[in-house]
Number of protein chains: 2
Amino acid sequence: MKQEAKPATGAPTTLWDRTRQLASQEILETALRLFTEQGYDETTIAQIAREAGVSQRTLFRYFGAKEDLLGGGQDRFGQVLMDTISEQHADAGVWEALRAGVAAVLDLHDSREQALERFRLLHNTASLHAGWLEKRLRFQENLLPLIEARMDPAAGNEGAKARALIATAFACLDAASITWVANDGKGEIMDLYDECVAAVRG
Amino acid sequence: MKQEAKPATGAPTTLWDRTRQLASQEILETALRLFTEQGYDETTIAQIAREAGVSQRTLFRYFGAKEDLLGGGQDRFGQVLMDTISEQHADAGVWEALRAGVAAVLDLHDSREQALERFRLLHNTASLHAGWLEKRLRFQENLLPLIEARMDPAAGNEGAKARALIATAFACLDAASITWVANDGKGEIMDLYDECVAAVRG
DNA sequence: ATCATGGTTGGCAGTCACTGCCAGGTTGGC
DNA sequence: GCCAACCTGGCAGTGACTGCCAACCATGAT
């Protein structure tokens with residue numbers, strides 16, 4: 001997964017940028033390690049900052065909130081989702097477009113193991129899960145016009161229906177990833193996703 | 001909505017219970033008032049406690065968390081959902097059962113205005129929304145066996161599919177309530193819900 | 001090489017939600 | 001009236017998060 005090198009590397013990379021990059025990565029890795037070792041709620045910001053060698057203040061400047069420490073590319077996530085869906089053929093159905101978006105997002109993980117670890121953490125920590133869902137709401141809102149444009153404009157309440165469709169896609173992704181984690185990463189998430197979508201639309 | 005008096009009132013009502021009831025109601029009303037007046041995030045626990053005439057400590061004993069101050073019957077909500085769904089005829093389909101549950105839950109609000117106010121607050125306050133979603137995750141988990149039992153056991157992955165169906169129902173409720181709030185309470189939420197479900201299953 | 005500059009960092013104090021603990025006071029059964 | 005069960009308020013403490021300020025340092029101009 002993710003064979004692409006970051007294209008921004010070609011841009012005028014100042015030393016500051018590189019330092020930032022380094023620090024950011026260090027923090028992220030430390031956080032993920034501690035989270036998996038001792039759990040999310042049991043890991044304090046102070047501990048992460050200490051072990052990553054930065055101050056709490058700096059940590060909060062890099063990542064605005066504790067939950068941002070999971071899922072490193074929090075904004076990249078939303079961006080990829082948007083881009084992928086808007087790139088779909090105009091005559092592709094709503095479900096195909098959403099499926100493509102989900103697939104692209106899943107592809108963002110560095111490895112199968114990392115994906116499994118993140119999902120495991122996510123689904124086992126209520127507070128984290130809630131925060132994640134909240135972030136997803138923002139994505140859903142952004143996606144709204146994209147999906148609405150692909151819907152049959154005949155009947156009314158496109159807004160509500162588009163929202164429902166988007167949220168349903170995410171719901172299926174959730175169900176799929178939970179099951180995937182429960183099976184310790186056996187099989188493909190996308191297969192589970194497809195099964196879920198089929199069950200809902202059945 | 002909610003014509004039923006609480007059946008527990010007949011039980012041996014001690015003075016303590018009555019006092020508790022009173023205090024609880026006072027806190028709840030104060031909280032809802034302040035929330036709507038100045039917003040959820042702008043209202044502190046200290047302020048609610050002060051205006052309700054109790055200590056912070058007591059407030060937290062009544063309601064474990066700030067978000068519990070919205071949606072008075074936080075646990076009643078889940079209970080009603082479970083009860084209603086399990087009361088459905090055994091041969092009722094999954095969608096009918098879920099629909100009955102959603103309808104019952106919506107019926108819990110004291111009035112249309114209260115429902116509108118709560119939904120408005122909920123959808124306009126990110127932090128609140130997150131907490132609400134977290135609570136909902138627990139309901140979904142509780143519902144799982146109930147829904148699983150009503151599904152076709154032929155194919156595999158009932159767990160994933162049941163989860164997807166439940167989450168989809170909630171997603172439709174969300175989409176419906178958001179639209180309802182956006183329309184200032186015009187029309188019926190259940191009609192919107194039905195439209196959303198139809199769009200998803202279409 | 002030097003210096004001004006602007007982005008960067010760390011520490012400190014403070015806010016807010018929330019919890020454990022302890023000292024009262026009130027209620028209910030006897 | 002008395003004791004036990006229960007409730008309340010206050011206090012101190014934790015943990016996430018923010019604003020503020022002084023020190024810092026890569027960078028570009030001189």
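Numbered from 1 within each chain, the chains take letters A, B, ... in sequence-line order.
- Searching all strands for a Watson-Crick or G-U wobble partner of C/dC30 with both distances below 3.5 Å returns D/dG1.
- Residues satisfying the salt bridge (charged side-chain N to carboxylate O under 4.0 Å, His left out) criterion with A/Asp194, sequence neighbours excluded, are A/Arg99.
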Protein-nucleic acid N or O pairs under 3.5 Å, nucleotides 8-11 of chain C:
residue: C/dT9; atom: OP1; partner: A/Tyr62; partner atom: OH; Å: 3.1
residue: C/dG10; atom: OP2; partner: A/Ser55; partner atom: N; Å: 3.4
residue: C/dG10; atom: OP2; partner: A/Ser55; partner atom: OG; Å: 3.0
residue: C/dG10; atom: OP2; partner: A/Thr58; partner atom: OG1; Å: 2.1
residue: C/dG10; atom: N7; partner: A/Arg61; partner atom: NH2; Å: 2.6
residue: C/dG10; atom: O6; partner: A/Arg61; partner atom: NH2; Å: 3.4

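- Whole-Å rounding puts the B/Leu22 CG to D/dT8 P distance at 12 Å.
- With sequence neighbours excluded, the residues forming a ring-ring contact (aromatic ring centres under 6.0 Å, His included) with B/Phe119 are B/His109, listed by chain and number.
- By the 4.0 Å N-to-carboxylate-O rule, A/Arg150 lies too far from A/Glu96 to be salt-bridged with it.
- Among residues two or more places apart in sequence or in another chain, the salt bridge (charged side-chain N to carboxylate O under 4.0 Å, His left out) test is passed with A/Arg33 by A/Glu37, A/Glu51.
- A ring-ring contact (aromatic ring centres under 6.0 Å, His included) check over residues 177-202 of chain A, counting only residues at least two apart or in different chains, returns nothing.
- Contacts between residues 34-50 of chain B and DNA chain D, defined by a heavy-atom separation under 4.0 Å, are absent.
- Between B/Lys66 and B/Arg18, it is B/Lys66 whose nearest contact on DNA chain C lies nearer the 5' terminus.
- Every pair passing ring-ring contact (aromatic ring centres under 6.0 Å, His included) that includes a residue from residues 18-58 of chain A is listed here, sequence neighbours excluded: A/Phe35-A/Tyr40.
- Annotation: side-chain contact (heavy atoms from CB on, under 4.5 Å) contacts of A/Asn124 (sequence neighbours excluded): A/Arg120.
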Can you give each donor-acceptor pair under 3.5 Å made by side-chain atoms of residues 155-168 of chain A, sequence neighbours left out, with the distance rounded to 0.1 Å?
residue: A/Lys161; atom: NZ; partner: A/Gly156; partner atom: O; Å: 3.3
residue: A/Arg163; atom: NH1; partner: A/Glu141; partner atom: OE1; Å: 3.0
residue: A/Arg163; atom: NH1; partner: A/Glu141; partner atom: OE2; Å: 2.6
residue: A/Thr168; atom: OG1; partner: A/Ala164; partner atom: O; Å: 2.6

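- D/dC7 atom C1' lies 13 Å from atom CD1 of B/Ile27, rounded to whole Å.
- Rounding to whole angstrom units, CD of residue B/Gln21 and P of D/dC7 are separated by 14 Å.
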